[in-house]
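Structure record follows, encoded as structure tokens.
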Amino acid sequence: MKPMVVVGGGHAGVEAAMAAARLGVPVVLLTHDAGSLGRMSCNPSIGGIGKGHLVREIDALGGEMGRAADASTLHARILNTQKGPAVRATRVQCDRYLYNQGIVRTVMATPGITVIGEEVHDLVVREGAVRAVRTAGGRIIETDAVVLTCGTFLNGLLHFGSETVPGGRIHEAPSTGLSAALMALGVRLGRLKTGTPPRLLASSIDFDATTPQQSDPAATPFSLWPHPGPSLPHRACHITWTGDQCHAVIRANLHRAPLFSGQIRGRGPRYCPSLEDKVVRFAHHDHHQVFLEPEGLDSPEIYPNGLSTSLPLDVQEAFVHAIPALEHAVITQPGYAVEYDFVDPSQVDHSLRCHRVSGLYLGGQVLGTTGYEEAAALGLLAGANAAFAALGAPPLILSRADGYMGVMVDDLVTRGVTEPYRMFTSRAEFRLSLREDNALDRLSPLATRIGLLDASRAGDVEARSCRLDAADRKLTATRIRSSDLPSGTPTPPDGLTLREWLRRPGTDLTTLIPFDASGTLANLHSDERTALAIRVRYEGYIARERVEAERFRAFDGLKLPPDLDIASLSGLSIEVRERLARARPATLGAASRMEGITPAAVSILMLHLRSQGRHGHMAGWGAVEGTCTGEGSSLGSSTGIPGGTSADESTAG
């Protein structure tokens with residue numbers, strides 16, 4: 001078997017290579033620097049709103065990100081604790097150096113992966129299929145499957161004020177040949193922008209003038225399978241704020257900002273804007289929060305989350321010194337912006353295979369996403385599906401009802417991007433069913449069936465599931481007498497079951513342990529107790545959402561034939577025909593979620609399928625009869641379900 005080639009060694013490339021290796025497909029991983037595998041280019045953190053859900057799903061599918069984060073955690077928080085369980089999320093600060101070293105060791109020790117420190121310059125394509133890659137040094141590596149995970153390196157350009165330097169990140173060269181190779185194949189590219197803040201010398205910061213933020217003792221690890229060895233001692237984060245003086249410095253120097261001078265043309269991330277962008281767009285705010293995050297256990301540097309900028313160094317020094325606690329801060333590395341090419345994600349299908357080139361898969365920021373977690377999730381799916389294609393097996397395609405990974409892929413494929421895509425819980429219709437705590441239950445059985453989880457890990461998941469089920473049965477079977485309950489508690493004459501008592505407000509599962517003589521509840525881990533309590537308290541809402549999810553799956557199962565003559569369908573506008581012909585959605589559900597596809601257009605497609613008898617083999621057709629769909633709509637909106645919110649809190653801190 002020819003090896004699969006993974007181009008790029010960031011978070012996406014690492015997960016792609018390891019997924020393929022777990023499936024038994026040999027991998028050649030090509031990257032500029034083998035020592036940079038899994039390097040944290042920007043903030044030293046993993047997780048957050050929606051992002052923590054992705055990390056749990058990566059872990060459930062056998063991926064590495066959660067394990068590496070747990071082994072290097074310096075600070076951990078549970079976000080959205082005052083909201084419902086669907087939107088609670090874990091975020092950890094990592095020792096960026098230990099995270100990188102752990103990833104390098106794991107990849108190098110994984111059988112079937114060969115790492116080569118060379119840049120890929122070109123793709124060799126014959127008869128519409130990839131046949132090899134050509135490195136900048138002229139080496140030809142034959143393959144039938146290539147996974148591009150180039151991150152911000154495709155024609156990457158760094159901006160330091162008016163100065164520009166070619167690069168994918170600071171001190172690292174860009175990839176200059178692949179963009180031209182892709183365009184020659186007819187692949188549409190765009191231009192995006194991201195950025196990073198200056199790094200500060202910790203010893204130059206007045207931490208006494210900040211508000212410390214300690215780790216949350218209730219936070220649990222991302223992974224069910226921790227790396228051996230002791231946990232790291234935790235470090236506090238600290239909070240300060242920008243103010244009028246800082247903003248005045250920025251306003252006085254906007255003419256020197258590449259973002260406003262026209263020097264930067266790529267669109268930046270809406271939900272992680274640079275400081276100068278925040279000062280302009282949110283002029284009604286007189287201050288913005290800044291989180292001072294440790295870079296590592298022994299690192300002398302601090303990452304000031306919230307101060308991303310591409311202003312010149314002298315301006316950076318001026319506005320940093322105008323922030324409380326940072327009056328004497330020393331900048332050890334300036335902030336900068338990076339512009340880079342990306343591939344329009346509407347050109348890949350739900351397996352992340354490129355429409356135009358057989359055997360070419362894409363994952364990570366090259367598809368227009370932002371963030372380590374989004375990149376790793378896409379990399380895992382792209383790598384697994386490239387491997388499945390090599391093995392002659394069906395692809396792994398997750399729906400929006402299966403997980404956040406399915407939500408993200410569907411968003412990218414059906415809607416494309418006009419700005420860097422970031423995951424939020426508000427993007428998921430079925431978020432009460434797609435919680436962090438049940439990712440293993442949702443995805444690990446599937447991962448076991450398709451070979452992404454080995455027998456040992458599958459056994460661990462099964463044991464966890466058995467513990468939860470046994471505890472659930474114990475809650476139902478054990479009854480508390482009225483005399484055992486606090487005085488004044490209204491109870492039926494025959495008392496309450498533990499399950500009924502757990503549903504009452506203010507009741508914690510740990511308080512029920514003394515009533516379980518068998519020790520079943522006491523044997524649960526803290527995260528398992530949380531999962532069980534959520535299962536019991538929200539089972540009615542979860543059951544209702546499950547019905548909606550089944551209706552969604554039925555609608556999404558109505559396949560549009562690949563040979564459908566869209567031009568011949570009467571009643572469709574020219575715009576709708578162009579959009580459908582360009583994206584070629586695989587299902588009626590995917591078509592309904594495309595931008596510009598109206599409810600009338602969906603009805604026409606549905607009537608055509610019925611008239612052609614295309615739906616006869618599809619289970620659940622009756623479930624979608626009369627369904628109302630529309631532009632940007634999705635079945636099963638969870639509006640009103642506890643835990644569902646329309647706005648996400650900041651992931652910082």
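Count residues from 1 along the sequence.
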Inset, instruction - Output all residues satisfying ring-ring contact (aromatic ring centres under 6.0 Å, His included) with Tyr99, sequence neighbours left out; order by chain, then residue number. - result: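 Result, ring-ring contact (aromatic ring centres under 6.0 Å, His included) vs Tyr99: His11.
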Inset, instruction - Could you tell me which residues satisfy ring-ring contact (aromatic ring centres under 6.0 Å, His included) with His32, sequence neighbours excluded, listed by chain and number? - result: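 With sequence neighbours excluded, His32 shows a ring-ring contact (aromatic ring centres under 6.0 Å, His included) to Phe153, given in chain and number order.
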Inset, instruction - Evaluate salt bridge (Lys or Arg N to Asp or Glu O under 4.0 Å) for Arg400 paired with Asp411, printing each intermediate quantity in order. - result: CA-CA 9 Å; Arg400 302 181 72 90; Asp411 281 349; 2.7 Å; yes
Legend entry - Under 3.5 Å donor-acceptor, Arg56 side chain and Gly52 backbone: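 No, because the side chain of Arg56 does not come within donor-acceptor range (under 3.5 Å) of the backbone of Gly52.
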Legend entry - Donor-acceptor pair, side chain of Lys278 and main chain of Gly306, under 3.5 angstrom: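 Yes; at least one donor-acceptor contact below 3.5 Å.
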Looking at [X] and [Y], does any basic side-chain N land under 4.0 Å from a carboxylate oxygen?
X	Y	value
Glu595	Arg415	no
Arg265	Glu339	no
Asp441	Arg435	no

Inset, instruction - Would you verify whether the NZ or CZ of Arg427 falls within 45 degrees of the ring axis of Tyr421 while also being under 6.0 Å from that six-membered ring's centre? - result: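 Yes, Arg427 lies over the aromatic ring of Tyr421.
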Inset, instruction - Apply salt bridge (Lys or Arg N to Asp or Glu O under 4.0 Å) to the pair Asp402 and Arg553, showing each step before the final yes or no. - result: CA-CA 10 Å; Asp402 294 325; Arg553 287 191 177 97; 2.9 Å; yes
Legend entry - Flag for Thr135-Glu118: side-chain donor and acceptor within less than 3.5 Å: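 Yes.
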Inset, instruction - Establish, from distance only, whether the side-chain atoms of Gln263 and Thr164 form a donor-acceptor pair under 3.5 Å. - result: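 No, no side-chain donor-acceptor contact under 3.5 Å.
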Report all side-chain donor-acceptor pairs from residues 356-368 shorter than 3.5 Å, counting only partners two or more places apart or in another chain.
| unit_1 | atom_1 | unit_2 | atom_2 | d |
| --- | --- | --- | --- | --- |
| Arg356 | NE | Gly186 | O | 2.9 |

